[in-house]
S.K.: 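This structure is in structure tokens; I'll ask about it shortly.
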Amino acid sequence: MSPLRWDVLGAAALFAVPVLLLGALGTLDTDVVVARLPWCLLAGWVVSSLLRAVFPAPKPEPKGRRRPHPAVEAAEPADA
């Protein structure tokens with residue numbers, strides 16, 4: 001599974017928000033923030049993988065069978 005899927009990136013962004021806020025407030029140094037962001041991506045990948053394992057994607061509905069069109073009979077020329 002690719003670590004750069006949309007669901008993984010969305011979860012990683014959710015986990016990165018508190019880290020970025022703590023960095024913006026000055027509680028965490030820039031080096032610490034940069035060091036923790038890959039862990040946010042890993043946590044997003046783990047959460048996404050667990051959710052996919054517990055709730056598998058629904059199976060697509062089978063497409064309905066197409067009925068063949070009735071053969072159009074050639075109109076006979078009117079010889080009157």
Side-chain angles (χ1 to χ4, degrees):
M1 289 195 307
S2 171
L4 297 177
R5 294 187 320 260
W6 288 111
D7 54 346
V8 173
L9 293 176
L14 257 148
F15 288 128
V17 167
V19 174
L20 294 173
L21 286 176
L22 287 172
L25 292 174
T27 307
L28 295 177
D29 294 336
T30 307
D31 295 336
V32 175
V33 171
V34 171
R36 290 185 183 192
L37 287 178
W39 290 103
C40 295
L41 181 64
L42 178 66
W45 184 78
V46 168
V47 167
S48 176
S49 298
L50 287 175
L51 287 175
R52 282 179 178 242
V54 172
F55 302 110
K59 294 181 181 177
E61 294 182 15
K63 293 182 179 179
R65 292 186 179 177
R66 289 184 141 183
R67 294 182 183 176
H69 294 292
V72 178
E73 296 179 15
E76 295 180 19
D79 294 327

S.K.: Looking only at heavy atoms, what is the nearest atom pair of S48 and D7, with distance?
M.R.: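 Heavy atoms only, the tightest pair is OG-OD2, 2.8 Å.
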
S.K.: Going hydrophobic residue to hydrophobic residue with side-chain gaps under 4.5 angstrom, can you get from V47 over to L50?
M.R.: no

S.K.: Linking directly or through intermediates, with side-chain heavy atoms under 4.5 Å: list the remaining ILVMFWY members grouped with L22, chain and number order.
M.R.: V19, L20, L28, V32, V33, L37

S.K.: Could you pull out the closest heavy-atom pair between P56 and A53, with the gap in Å?
M.R.: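 Looking at all heavy atoms of both residues, the closest pair is CD-O, 4.3 Å.
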
S.K.: What is the minimum heavy-atom distance between C40 and A16, and which atoms define it?
M.R.: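 Smallest interatomic distance, heavy atoms only, reads SG-CA, 3.7 Å.
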
S.K.: To the closest 0.5 Å, what do you measure between CG (L9) and CH2 (W45)?
M.R.: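 The CH2 atom of W45 is 13.5 Å from CG of L9, to the nearest 0.5 Å.
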
S.K.: Can W39 be reached from V34 by stepping across I, L, V, M, F, W or Y side chains whose heavy atoms are under 4.5 Å apart?
M.R.: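 No, V34 does not connect to W39 through the hydrophobic network.
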
